[in-house]
Structures are given as C-alpha cells and as structure tokens.
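Naming: A, B, ... by sequence-line order, numbering from 1 per chain.
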Amino acid sequence: MMVRGPKGHAGLGGGTDLPVLLPAAERLQRRSERERLLGAPRLRLRGRDLAWLCLMLICFTGYAEAQAAAAGREPISIALLRWVPLLFQGFVFNIVISVLSMALGTVLGVVLGLMQISLLPPIRFSSWFVTQFFRNAPWLVLLFYCIFLLPFEIRAFGMRIPFPDWIKAIIGLSLPVMANVSEIVRGAVRSIPSGQWEAAESLAFNRNQTIWKIILPQCVKRMLPPWMNLYAILTMATVLASIVGVSEVMTLARRVLAAEVRNDLLIPLYGMILVWFFVYCYPIARLTQWLERRYAVKL
Amino acid sequence: MLRTTVSVTALALGCLLVGAPEAQADVMEAIKERGTIVVGIRADYRPYGYLGPNGENIGIEPTLARDVAERLGVDYEFVPVVAANRMEFLQQGRIDLMIATMTDTAERRRVVNIVEPNYYSSGTNLLARKGIGVSAWEDLRDRPICAIQGAFYNRKTQEEFGANLIAFTGTAEVLTALQQGRCQAFVYDDSFIQARLQEPEWADYEMPVETIDDAPWGLAVAHGEDNFYAFMSEVIEDWHRTGKIIALEEEYGVDPIPFTRRMHEEFSAN
C-alpha cells in the first residue's frame with residue numbers, strides 16, 4: 001500500500017501522516033524531488049564533514065605528537081608551524097594557477113563552444129573534434145606535453161623572454177578546461193527551447209543578434225553551476241603540476257619532508273594541505289548547489 | 001579551427017626552439033652578460049641540498065654554487081632539480097651548471113659534460129630492519145625493495161639482483177613505506193643511510209650488505225662548453241686544496257668521508 005503524504009506525493013521520503021516526522025518529511029521530499037530531476041543521488045557536503053575531517057586529523061596528529069614526545073623529539077605541531085608560511089605561499093600559488101588557467105580556458109572554451117554551434121560544417125566539425133580530443137585526454141598527459149614541448153624561453157628580436165614552468169602548467173591545465181567549457185556552452189545553448197530561436201527570427205533578429213542578445217544571456221545562469229563545478233575540480237587538479245616540477249604546495253611539501261628527515265610528519269603535513277583545499281573548495285561547492293537550486297528549471 | 005591552428009603553430013614553434021642548436025658561443029660570456037648564473041641544485045636531499053624554513057636553498061651544494069657565482073662575480077639563481085630531469089635541464093640550456101648529487105657514470109658522460117676532478121663520492125647500500133635474512137645483495141631476489149625514481153643503481157638492483165622495485169619520488173615516502181612494511185629494504189646512497197642509522201628511530205635497522213658501486217659525484221656543464229669546463233675544473237681543485245668541502249661537511253653535520261679527505265691530501269700536497 002502506498003503512503004500518501006499531505007501533498008499527495010508517493011514513495012520514499014515523499015511525505016508521511018505521522019506528525020513527528022513532518023519537518024523531516026518536508027526536507028526529504030524536496031531532496032528526493034531534486035534527485036529525481038537530476039537522475040542521480042547528489043553528494044551533499046556539509047560543515048559537519050569538515051569538522052569530522054579536522055577531528056580525524058587532530059586525533060592523528062595528537063597520536064603522532066605523543067609518539068614524538070616519547071621518542072624525545074621536537075613536537076610535530078612546532079615542526080609543522082615552522083613550515084606553514086612557506087607551504088601557504090605554495091598553496092596560494094596553486095590558487096593563482098587555478099584562477100589563471102580557468103580564465104584562459106574559459107575564454108578559449110567559449111570561442112570553441114560557439115564554433116560548435118556554427119552553421120558552417122567545417123568549423124562545427126573541427127571544433128567538435130578539438131573539444132572531444134581535449135575533453136577525453138588525461139589532464140596529466142596534456143600537462144606533460146606542455147611542459148616538455150614548449151621552450152623554457154623564447155628568443156625573439158634579440159630578447160630572451162623566459163617561459164617558466166608555471167606558465168606552461170597554466171596552459172597545460174587550461175586545455176581540458178577549454179574543452180569542458182566548450183561542452184558547457186554548447187549544452188547550454190542547446191538547452192534553450194527552440195521557440196526562443198523561432199521567436200527571435202520572427203522579430204527579424206539576425207543570427208548574430210539572436211545568439212548574443214537572446215540566447216547567451218539566458219545561457220549564463222545555466223552555465224554558472226557546471227562552470228563553478230569545473231573550477232573546483234581544476235583547483236584540486238593543480239597539484240598535478242608538482243609532478244612536472246612546478247614549486248606548488250605538493251612540491252614544497254615533499255621538500256619540507258626531505259629537509260625535516262622525519263617521516264612522522266608525513267601524514268599531518270599532507271592532512272593539513274587536504275584541509276586547506278577543502279576549506280577553499282567547499283564554499284564553492286555550496287555556492288554551486290545554491291545557484292543550482294535557484295536556477296533550477298521549474299517544470 | 002583557430003584554436004587548432006594556434007596550438008599547432010605553438011607546438012611547431014616550440015619544437016623548433018627546443019631542437020635548435022645552441023647559438024651561443026660560450027656560456028661563460030652569456031653568464032657574465034646576464035649577470036646571473038643559473039645552477040641546478042637539489043632541494044630534497046639533506047644535507048646536500050634542502051630547504052630552509054623561509055624557502056631558501058641551503059646545504060653543501062648550494063653553498064658551493066654560491067662560491068662559483070662569487071668567483072665569477074655574478075648573481076646566482078637556483079633551479080631545483082630531481083634525478084629524473086637534471087640532465088635534460090642542462091642539455092636544454094635551462095641551467096648553466098648542475099651540482100645535484102649526481103654520480104659520475106660513463107652513460108651520463110655521454111649526455112652531459114661531467115667536470116673532473118670529482119667533488120664528492122658515495123656508494124650504494126641498503127637500509128633494512130635487522131633480522132630479515134638479507135646478508136648479501138643476492139638475497140634481494142623476489143623481495144619488495146623501495147627505491148628513489150631516477151637513481152642509477154635501480155636497474156642493477158632489479159636486473160642483477162632480481163628485486164621487485166617500488167620506486168618513490170621522495171625519501172620521506174620511502175621511509176614511511178619501509179616502516180609500514182610495504183618493502184623490506186631501501187636501496188640508496190650509503191651517506192644518507194648512515195645518517196639515518198645514527199637516529200634513535202632507526203635503532204632496529206642496519207646496513208646489512210657491503211657497499212657497492214662506490215662512485216664519485218660529478219658536477220656537470222653542457223657539452224661543448226670547454227671554457228666553462230676548464231674554469232670549473234680549477235674551482236673544484238681549489239675546493240679540494242683549501243679543504244672547503246670538508247669544512248662544509250662538518251658544518252652540515254656529516255663526518256668527512258674518506259674521499260674528500262684523500263682529495264684534500266692529494267691536492268694540498270702539490
């Protein structure tokens with residue numbers, strides 16, 4: 001027998017007659033509605049999760065601290081604090097890399113995405129190919145290509161313009177971003193009901209005007225959540241640059257560990273970096289969810 | 001399409017610039033003109049090259065590099081390198097000089113110009129828990145052994161002694177893996193292992209086998225830089241004569257190794 005809720009929705013979390021469950025039922029119902037729209041259960045991160053993560057790390061550090069004290073060594077927290085300024089600089093560098101490659105990737109991706117909806121088949125096909133190629137290539141492989149194929153300096157007109165690794169890393173990371181943004185743009189344009197195109201045409205807008213004045217403004221809010229999602233993923237991927245020798249936070253962490261020559265620092269140190277990334281990416285994830293809710297298409 | 005054209009052009013341009021032979025006649029001239037010498041050093045190998053809390057490069061080799069800059073009357077710039085990329089950087093011309101704990105081997109001499117005389121030396125040994133039943137290199141067969149990526153003895157350990165090699169990028173990862181029992185021994189430079197064995201944490205561990213491949217370390221310049229080679233050669237001789245390297249070993253808490261003592265005696269005698 002089906003349980004009918006106050007609003008007549010059926011199924012799990014869809015409502016209840018039991019007064020004590022009413023507040024939760026409302027929330028669960030909203031959630032299951034969203035999940036039905038999404039077609040998949042959504043991962044929900046809460047402030048609680050961060051608290052758990054921190055608690056775990058504090059416990060572990062405390063345990064390692066006690067061991068260090070027993071072995072008559074310098075406490076871990078002091079050793080760690082000494083390196084925090086340096087490591088934090090490295091972390092800021094990661095953020096800089098992520099922001100710049102996102103900016104570059106977005107500009108290129110929007111161009112590529114608009115090319116994908118071009119009426120000219122060669123442009124449409126070639127941009128489709130580039131998009132698919134970079135979207136389906138491993139990020140690290142692209143990074144390797146950029147680091148080792150691009151020169152370390154450019155000699156032009158008798159000048160030496162250095163071309164440091166971190167700029168190459170930005171270029172390398174912006175390629176997959178470009179391809180993903182291209183798909184986001186194409187998808188958003190395609191999601192606008194065809195009635196909009198037809199209406200614009202009947203009002204004598206040409207194609208250019210239709211795209212820039214009618215379609216794209218409606219796309220922006222649809223593109224924002226996936227774009228922010230992509231940014232969060234990119235931020236977490238910036239640590240890949242450590243493999244190709246950019247002095248970002250992971251590279252520095254490894255050097256710090258080598259300078260300290262004590263391996264009980266390993267897990268607290270990496271744990272600290274983990275928390276930094278979480279603290280940075282979590283608000284972005286929350287904001288994305290909020291925007292998704294706000295801009296959700298009401299059917 | 002624009003994108004493809006641009007990226008293809010960029011890549012082609014890149015290949016052209018990387019592939020082009022060095023147009024500069026002499027790196028010494030280039031260094032003086034620039035006013036800076038770019039030195040490849042290690043930033044992850046205490047005490048030879050590591051980071052200070054403010055991010056500055058310290059250690060025996062950065063000090064030697066600073067000395068070279070001083071002798072040339074120029075500034076210095078450090079580029080941290082690892083075993084896997086140091087020779088490529090020198091070949092590309094990204095660094096002018098490499099002082100990066102590199103063992104002098106015939107294979108490497110073909111790639112870069114290793115300056116004589118050598119400035120340091122180390123051998124290969126194992127760090128293993130006592131009582132695991134390894135007393136000779138041949139006992140490593142089919143055992144999981146930790147190593148550092150890019151070390152020249154990795155191949156030998158794997159092919160000749162038949163060990164299952166697990167290679168990491170940094171020593172901290174290896175030491176953790178060793179303590180967790182993911183591998184039974186760590187094959188590395190004996191100077192590093194000796195330093196660990198003096199710490200109470202490693203009291204249960206030992207160097208169970210004889211040191212092999214005791215080979216000198218060489219600093220290197222790019223092939224074809226004969227002037228710079230001659231200059232560096234004199235600098236190293238002077239380091240040995242004045243006992244600078246021994247003094248640095250003492251400063252950084254290493255017992256002076258037999259090699260540096262022998263070189264000091266040899267060069268100060270004549």
| said: Is B/Gln179 close to chain A through its backbone or its side chain, or both, or neither, when contacts mean heavy atoms under 4.5 Å? | reply: side chain
| remark: Turns out that what part of B/Arg42 lies under 4.5 Å from chain A's heavy atoms comes down to neither
| Is the shortest side-chain N to carboxylate O distance from B/Asp26 to B/Lys32 below 4.0 Å? | no
| chain A: which of B/Gly49, B/Pro47, B/Pro80 shares the most heavy-atom pairs with it under 4.5 Å? | B/Pro80
| message | Please check if the number of heavy atoms outside B/Glu56 that lie under 6.0 Å from its CD is greater than 12. | response | yes
| Looking at B/Val79, B/Asp44, B/Thr176, which makes the most heavy-atom pairs under 4.5 Å with chain A? | B/Thr176
| Are B/Asp75 and B/Arg66 close enough for a salt bridge, meaning some N to O gap below 4.0 Å? | no
| Polar side-chain atom of A/Ser182 near backbone of A/Met178 as donor-acceptor pair, under 3.5 Å | no
| Contacting region of A/Glu260 [heavy-atom separation from chain B under 4.5 Å] | backbone
| said: Distance alone, cut at 3.5 Å: any donor-acceptor contact between the side chains of A/Asn94 and A/Tyr280? | reply: no
